[in-house]
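Report on the structure given below.
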Amino acid sequence: MAWTREQMAARAAKELRDGFYVNLGIGIPTLVSNYIPEGMSVQLQSENGMLGMGPFPYEGEEDPDLINAGKQTVTELPTTSFFSSADSFAMVRGGHIDLSILGAMQVAENGDLANWMIPGKMVKGMGGAMDLVAGVKKVVVVMEHVAKGKDGSESPKLLKACDLPLTGTQVVDMVITDLGVFTIDKEGDGGMTLIELADGVTVDEIKARTEAAFKVAV
Amino acid sequence: MAWTREQMAARAAKELRDGFYVNLGIGIPTLVSNYIPEGMSVQLQSENGMLGMGPFPYEGEEDPDLINAGKQTVTELPTTSFFSSADSFAMVRGGHIDLSILGAMQVAENGDLANWMIPGKMVKGMGGAMDLVAGVKKVVVVMEHVAKGKDGSESPKLLKACDLPLTGTQVVDMVITDLGVFTIDKEGDGGMTLIELADGVTVDEIKARTEAAFKVAV
Amino acid sequence: MKKVHASAKEALAGVLRDGMTIMAGGFGLCGIPNVLIEAVKESGVKDLTVVSNNAGIDGAGLGLLLETRQIRKMISSYVGENKLFAQQYLAGELELEFNPQGTLAERIRAGGAGIPAFFTKTGVGTLIAEGKEVRNFDGHDYVMETGLFADVSLVHAWKGDTEGNLIYRKTARNFNPMMATASRMTIAQVEHLVEPGSLDPDHIITPGIYVKRMIHVPDVEKMIEKRTTRERPAA
Amino acid sequence: MKKVHASAKEALAGVLRDGMTIMAGGFGLCGIPNVLIEAVKESGVKDLTVVSNNAGIDGAGLGLLLETRQIRKMISSYVGENKLFAQQYLAGELELEFNPQGTLAERIRAGGAGIPAFFTKTGVGTLIAEGKEVRNFDGHDYVMETGLFADVSLVHAWKGDTEGNLIYRKTARNFNPMMATASRMTIAQVEHLVEPGSLDPDHIITPGIYVKRMIHVPDVEKMIEKRTTRERPAA
């Protein structure tokens with residue numbers, strides 16, 4: 001009943017606009033590139049230093065000098081340009097990228113985001129996530145609505161306040177989960193609003209599985 | 001008796017070392033490039049965005065896209081690279097250039113330099129001079145020893161303290177005038193020292209035409 | 001998203017308004033967006049603040065906008081080649097903010113890179129540092145300078161593809177790449193307009209993301225400010 | 001001034017000492033100066049602080065220097081691919097300073113550009129900003145970050161001429177150009193060593209002034225960390 005990963009990616013793709021420059025995170029966000037509407041010009045940025053990222057190469061055509069920020073082999077397009085990581089993050093931090101779609105561990109109702117560190121576990125580092133959420137014009141989180149423990153227990157990921165260390169404060173504009181879509185008025189005090197339901201999901205079900213307060217406008 | 005402009009340039013060229021990257025100002029400093037010793041590798045930087053500046057072009061070969069910081073047409077060398085003005089001044093400010101040779105209106109015995117502005121006269125601007133004296137490892141001033149007024153009167157240019165607005169404080173390492181050569185201990189308190197006399201010039205003559213205090217070590 | 005426009009006038013349509021801040025690339029007359037500047041002149045927009053290393057010369061480059069008194073304030077490092085500039089400045093008709101050339105270049109780069117302020121050694125102890133914060137790092141004093149961001153940037157490039165990817169030629173690069181990043185509306189005039197894929201992606205200096213509109217200026221006039229030559233050695 | 005050396009060992013002669021700070025280019029295993037890193041391993045120098053976006057993987061890249069416990073501290077943005085790293089870190093044998101990737105890149109650029117500190121929005125309100133100055137510009141908070149400068153930088157380039165001018169290939173550029181500017185002793189390994197004049201001066205990314213020594217690595221091994229492919233459409 002809830003959306004699949006593919007459906008979540010397809011929903012995120014509806015935030016794309018013609019002419020957009022977009023950075024996609026690892027995981028479900030990567031799938032969004034499969035749903036760019038025909039005829040729409042969208043250029044993907046990879047924060048290691050590439051604009052105009054193409055699809056994975058055909059087997060045998062992998063180039064070790066051509067990888068994305070997830071360290072996966074990718075390809076060039078006719079629109080591609082390469083630049084240094086300093087120039088790449090100047091682009092990110094300077095507000096030139098229209099849209100960042102990324103995963104999260106927790107999102108708070110004021111737009112706070114946590115997605116890089118669980119205290120007590122090995123810390124891998126934030127990579128470019130803090131720069132992306134601080135710099136990109138619009139930040140869309142795509143994630144499972146709740147976290148599931150090994151014992152099958154559920155804990156909410158949409159919270160009143162994040163308890164994990166933050167990646168950024170008041171940075172998230174939209175959250176797409178397997179249950180629905182929320183907008184966040186990150187700079188005003190409009191809070192969080194549920195604007196869409198996944199097929200067959202009810203507002204009550206979402207309320208039961210969400211800690212954050214939210215308005216309903218479905 | 002005093003050194004000519006050419007002799008001053010030749011003396012300044014003695015500060016060059018093999019492998020040096022050097023920025024030359026307008027006027028006498030430009031002439032220094034004629035005195036680079038045979039076999040010595042010296043690359044000239046032009047702060048508008050060029051490293052490895054070649055000589056003036058032959059007539060008919062001028063390229064409007066290829067000028068130096070004095071806006072004169074120049075040429076490329078096999079060693080040349082081009083870059084933006086931001087990258088150029090990153091190079092200057094970052095301490096990567098070994099030697100800057102430039103003109104001055106006034107130099108003080110502590111290394112203060114004034115060469116961009118006379119209050120009450122039309123101000124043209126400092127261009128890159130402030131960045132060069134702040135960033136380059138060694139700063140050599142080449143100038144006439146005294147200023148001559150329209151009425152033939154003389155005023156000293158080597159002063160106890162500059163009275164013109166400064167280009168930089170404690171920045172000058174060496175001053176080459178038509179009368180001799182001075183070093184300045186700009187970071188310590190060693191002050192100014194006369195280390196060479198132009199042909200036929202006496203210490204007494206220099207003392208008479210200099211306001212700054214200086215030691216003599218000729 | 002069609003970036004290429006048929007004329008400078010069309011490329012500037014809807015973006016100009018009185019009192020706005022415009023960045024104009026170039027050093028002296030080298031690499032200046034002269035066709036776009038002429039269109040700004042034709043538009044009649046006024047009270048402009050213009051960020052540009054120089055102010056053109058009498059009758060060329062930004063000198064055109066001085067003639068028509070469209071500029072209220074210049075932010076520059078050197079304006080020595082322009083008599084009209086001097087007249088208007090001394091008459092109090094023109095405001096002028098001098099920046100050291102490297103500080104100007106870095107302020108523009110910072111503005112485009114999301115850096116609101118940075119510290120530099122340049123200008124410490126001079127008029128330039130007056131009223132600004134000075135702070136000591138590792139025993140040396142540095143002055144704080146702020147980022148610059150404009151409403152419109154006008155740049156000149158050698159080659160551009162229709163995606164807005166730009167390549168510059170020799171010292172005509174100068175301030176153009178930073179200015180391309182430091183406004184909401186960067187408009188480029190390119191000498192050679194090519195199809196995507198024509199430029200080697202390793203050679204592109206300004207990625208297309210920064211360029212919102214562009215025009216093709218195949219036969220653009222380039223002036224030389226100080227023609228200097230040497231003698232050919234006898235054959 | 002001969003910049004080209006016959007071997008990595010010769011290029012590193014006289015520059016290594018215990019406790020020094022080394023920058024190493026590359027992103028993941030892409031564009032890393034692997035031949036130079038191996039020579040650092042052979043030298044036995046220890047107590048190193050290493051600035052590098054990542055820490056290699058087990059058995060490759062900076063992973064080699066972890067095996068030999070030559071690294072005391074890493075300044076990085078992401079170290080997730082290295083089990084040995086995790087072990088040493090959890091055992092308290094290795095210090096770790098995390099920087100957001102863009103902040104790390106900008107700190108290195110600033111260090112090379114004579115900028116001791118700058119402000120950025122990245123990390124405001126997070127652990128990264130703790131203990132750092134936060135200041136408001138135009139209604140937004142920014143954290144102050146400082147420039148980074150090393151004793152030695154090791155970089156990888158695609159082509160280099162004997163003057164030290166460098167060109168990079170595709171995403172192997174990454175951190176290499178900034179690191180080349182941010183030390184007193186930049187040593188480059190280049191896949192193609194060419195004569196001056198062979199590189200178009202408009203295409204050079206790192207001007208020779210930044211490169212003090214270089215070696216030619218014509219058959220350098222390049223590893224792929226995550227080989228991802230798609231299926232060929234049926235013919």
Side-chain angles (χ1 to χ4, degrees), chain C residues 31 100-103 105-124 132-149 157-159 166-174 176-178 181 191-192 199-207, chain D residues 31 100-103 105-124 132-149 157-159 166-174 176-178 181 191-192 199-207:
Chain C
Q101 194 174 335
T103 296
E106 189 66 16
R107 290 184 70 195
I108 298 164
R109 189 230 171 232
I115 292 173
F118 61 91
F119 288 90
T120 172
K121 221 186 289 184
T122 301
V124 170
K132 295 176 186 163
E133 177 178 334
V134 173
R135 191 189 291 216
N136 195 287
F137 294 94
D138 293 329
H140 295 276
D141 282 341
Y142 296 83
V143 59
M144 193 177 86
E145 298 280 0
T146 55
L148 276 174
F149 199 81
W158 169 239
K159 290 185 182 175
L166 303 183
I167 284 178
Y168 305 92
R169 183 169 179 271
K170 305 187 191 287
T171 57
R173 190 184 304 190
N174 55 63
N176 287 298
M178 299 86 79
T181 71
E191 295 181 55
H192 300 273
L199 305 177
D200 184 325
D202 279 330
H203 300 164
I204 290 166
I205 301 296
T206 296
Chain D
Q101 193 173 337
T103 297
E106 189 65 17
R107 291 184 69 194
I108 297 165
R109 191 236 171 225
I115 292 173
F118 60 91
F119 289 88
T120 171
K121 222 186 288 186
T122 301
V124 170
K132 293 174 186 164
E133 177 176 335
V134 172
R135 190 189 290 213
N136 196 286
F137 294 93
D138 292 328
H140 295 276
D141 282 340
Y142 296 82
V143 58
M144 193 178 85
E145 297 280 0
T146 55
L148 276 173
F149 200 82
W158 169 240
K159 290 184 183 175
L166 303 182
I167 283 176
Y168 305 91
R169 183 169 178 273
K170 305 187 190 288
T171 57
R173 189 184 306 190
N174 56 60
N176 286 298
M178 299 86 78
T181 71
E191 295 182 53
H192 300 272
L199 305 176
D200 184 325
D202 280 330
H203 300 162
I204 290 166
I205 301 297
T206 296

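First the proteins, then the strands, lettered A, B, ... as listed; each starts at 1. For the numbers below, each heavy atom of this structure counts, side chains included, while hydrogens, waters and symmetry mates do not. Nothing here was measured: the structure is a model prediction, and the numbers come from that model.
At a heavy-atom cut-off of under 4.5 Å, chain C is reached by Glu106(D), Arg109(D), Gly114(D), Ile115(D), Pro116(D) from residues 106-116 of chain D, listed in order of number.
When heavy atoms are compared at a cutoff of 4.5 Å, Arg169(D) approaches chain C by way of both its backbone and its side chain. Both the backbone and the side chain of Phe119(D) come within less than 4.5 Å of a heavy atom in chain C.
Among all heavy-atom pairs drawn from Asp202(D) and Ile205(C), the shortest one is O-CD1, 4.5 Å.
Shown here are the ring-ring contact (aromatic ring centres under 6.0 Å, His included) partners of His192(C), two or more places apart in sequence or in another chain: Trp158(C). For Asn136(C), the side chain to side chain donor-acceptor pair (under 3.5 Å) partners at least two apart in sequence or on another chain are Asp141(C). With sequence neighbours excluded, the residues that form a side chain to side chain donor-acceptor pair (under 3.5 Å) with His203(C) are His203(D).
Taking CE of Met144(C) as the reference point, atom CE of Met144(D) lies at 10.5 Å (rounded to 0.5 Å).
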